[in-house]
*Asks:* 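Supplied in structure tokens, the structure appears directly below.
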Amino acid sequence: MKVPDAIERVLLDEETIAARVQELAAQISADYADAEDLVLIGVLKGAFVFLADLARRLTVPHHVDFIALSSYNRGAVSMGAVRLIMDTRASVTGRHVLVVEDIVDTGYTLDYLLRTFRARQPASLRTCVLLNKPERRRIEVPIDYLGFEIPDVWVVGYGLDYADRFRTLPYIAVLKREVYEQRSGGTEN
Ligand code: IMP
């Protein structure tokens with residue numbers, strides 16, 4: 001498969017991602033072995049690939065639901081305003097909730113999600129995040145299960161996008177800086 005011109009380099013290849021997702025699934029399956037009602041909540045659109053792979057490797061019964069958010073960004077810079085554009089289908093009250101997110105950057109999105117779900121009184125609330133950019137954090141958020149820590153670069157592929165492009169690349173790659181620094185506008189997660 002040809003690597004698109006906008007890509008600077010591959011950061012995490014398919015095998016590396018698959019091995020880590022398997023490890024996370026094993027850990028989550030062990031931790032939730034006795035949980036009555038586990039629901040994974042994927043944050044659209046970015047987490048859909050990660051969630052699909054993770055969920056299929058869990059060995060404990062679980063449900064899958066989704067939530068969609070919109071954060072107003074300028075180019076690749078988060079402006080901190082998060083808005084709910086699609087809520088989960090089912091209630092989370094009294095259930096074990098695991099929020100599945102693609103990446104934590106400033107932390108505003110995950111913080112918003114945790115506040116939203118906490119108010120609904122789940123039996124428990126944890127987070128599973130594929131990528132973490134700790135250098136960019138503006139607000140502290142708990143990450144219970146983490147795939148990889150990455151530097152402050154814009155990454156695409158495996159569900160992650162830039163302006164809704166590159167989501168279905170099978171690997172995670174660094175976008176060339178000139179691509180994301182020249183544009184501005186709103187994006188969806
Ligand atoms: P935060 O609210 O700043 O933590 O940003 C979280 C959201 O920003 C993620 O759910 C992504 O949608 C998006 N995001 C942040 N960094 C990247 C990146 O490097 N690639 C693609 N999306 C990103």
Side-chain angles (χ1 to χ4, degrees), residues 3-4 6-13 16-17 20 24 40-54 65-88 97-118 125-189:
V3 174
I7 299 302
E8 186 179 286
R9 67 193 154 97
V10 174
L11 189 65
L12 299 162
D13 63 24
T16 306
I17 298 168
R20 187 68 189 125
L24 290 173
L40 307 187
I41 300 182
V43 185
L44 293 175
K45 300 178 191 172
F48 84 104
V49 178
F50 176 41
L51 176 76
D53 283 350
L54 182 74
D65 211 328
F66 292 96
I67 196 164
L69 304 170
S70 166
S71 47
Y72 187 76
N73 296 330
R74 275 189 195 284
V77 181
S78 171
M79 303 297 279
V82 181
R83 200 164 49 91
L84 182 66
I85 55 177
M86 187 195 86
D87 209 340
T88 57
V97 171
L98 183 61
V99 175
V100 179
E101 176 61 305
D102 54 355
I103 187 164
V104 177
D105 188 23
T106 61
Y108 290 129
T109 304
L110 198 58
D111 178 65
Y112 172 90
L113 283 170
L114 290 172
R115 282 188 285 115
T116 301
F117 287 126
R118 213 174 281 131
L125 178 59
R126 287 188 188 159
T127 60
C128 178
V129 173
L130 181 64
L131 305 172
N132 184 26
K133 283 191 209 174
E135 285 170 51
R136 303 240 323 154
R137 196 72 84 256
R138 295 279 195 85
I139 183 164
E140 214 43 61
V141 282
I143 301 178
D144 297 293
Y145 303 96
L146 174 65
F148 305 93
E149 226 154 68
I150 63 165
D152 179 15
V153 287
W154 194 264
V155 288
V156 294
Y158 200 70
L160 292 121
D161 74 309
Y162 177 71
D164 219 23
R165 294 166 62 207
F166 312 112
R167 280 193 204 278
T168 52
L169 293 175
Y171 46 79
I172 292 170
V174 179
L175 199 63
K176 284 182 182 159
R177 206 166 270 274
E178 65 258 30
V179 177
Y180 63 85
E181 282 183 347
Q182 76 195 5
R183 305 213 0 205
S184 66
T187 67
E188 289 172 6
N189 290 295

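Whatever order the structure lists ligands and atoms in, that order sets their numbers, starting from 1. Values below: all heavy atoms of this structure, side chains included; hydrogens, waters and symmetry mates excluded.
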*Asks:* Where on Asp102 is there a heavy atom closer than 4.0 Å to ligand 1, on the side chain, on the backbone, on both, or on neither?
*Replies:* side chain
*Asks:* I need the atoms of ligand 1 closer than 4.0 Å to a non-hydrogen atom of Lys133, numbered in the order shown.
*Replies:* 16 (N), 17 (C), 18 (C), 19 (O)
*Asks:* Name all residues meeting the side-chain contact (heavy atoms from CB on, under 4.5 Å) criterion together with Phe117; count only those two or more places apart in sequence or in a different chain, and write none if there are none.
*Replies:* Ile41, Ile67, Thr88, Val92, Val99, Leu113, Arg120, Leu125
*Asks:* Among Leu69, Leu113, Ile103, which one puts a heavy atom closest to atom 13 (C) of ligand 1?
*Replies:*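 The option holding the nearest heavy atom is Ile103.
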*Asks:* Judged on heavy-atom distance to atom 21 (C) of ligand 1, which of Tyr112, Trp154, Tyr108 sits nearest?
*Replies:* Trp154
*Asks:* Is the contact between Thr106 and ligand 1 made by the side chain, the backbone, both, or neither, using heavy atoms and a 4.0 Å cut-off?
*Replies:*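 Both backbone and side chain.
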*Asks:* Is Val153 touching ligand 1 with its side chain, its backbone, both, or neither, if touching means heavy atoms under 4.0 Å apart?
*Replies:*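 Backbone only; the side chain of Val153 stays clear of ligand 1.
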*Asks:* Does ligand 1 have an atom that lies less than 4.0 angstrom from a heavy atom of Leu110?
*Replies:*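 Distance cut 4.0 Å: Leu110 fails for ligand 1.
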*Asks:* List for me each residue that meets side-chain contact (heavy atoms from CB on, under 4.5 Å) alongside Asn132, sequence neighbours excluded, and say none if there are none.
*Replies:*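 Here the qualifying residues are Val104, Pro134, Arg137, Ile143, Leu146, Glu149.
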*Asks:* Are Leu51 and Phe66 close enough that some pair of their side-chain heavy atoms sits under 4.5 Å apart?
*Replies:* yes
*Asks:* Would you compute the distance between atom CG of Asp102 and atom CG of Asp161 and round it to the nearest 0.5 angstrom?
*Replies:*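 So the CG of Asp102 and the CG of Asp161 are separated by 8.5 Å.
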*Asks:* What's the shortest heavy-atom distance between Pro4 and Tyr171, and which atoms?
*Replies:* CD-OH, 3.6 Å
*Asks:* Looking only at distances, please establish whether an N/O atom of ligand 1 is found under 3.5 Å from an N/O atom of Val156.
*Replies:* no
*Asks:* Which heavy atom of Thr116 sits nearest to which heavy atom of Tyr112, and what is that distance?
*Replies:* OG1-O, 2.7 Å
*Asks:* Which of these, Ile150, Val153, Asp152, Asp105, sits in a side-chain contact (heavy atoms from CB on, under 4.5 Å) with Glu135?
*Replies:*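 Testing each of Ile150, Val153, Asp152, Asp105 against Glu135, the sole residue satisfying side-chain contact (heavy atoms from CB on, under 4.5 Å) is Asp152.
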*Asks:* Any heavy atom of Gly107 sitting closer than 4.0 Å to ligand 1?
*Replies:* yes
*Asks:* Show me which atoms of ligand 1 lie under 4.0 Å from any heavy atom of Glu101.
*Replies:* 10 (O)
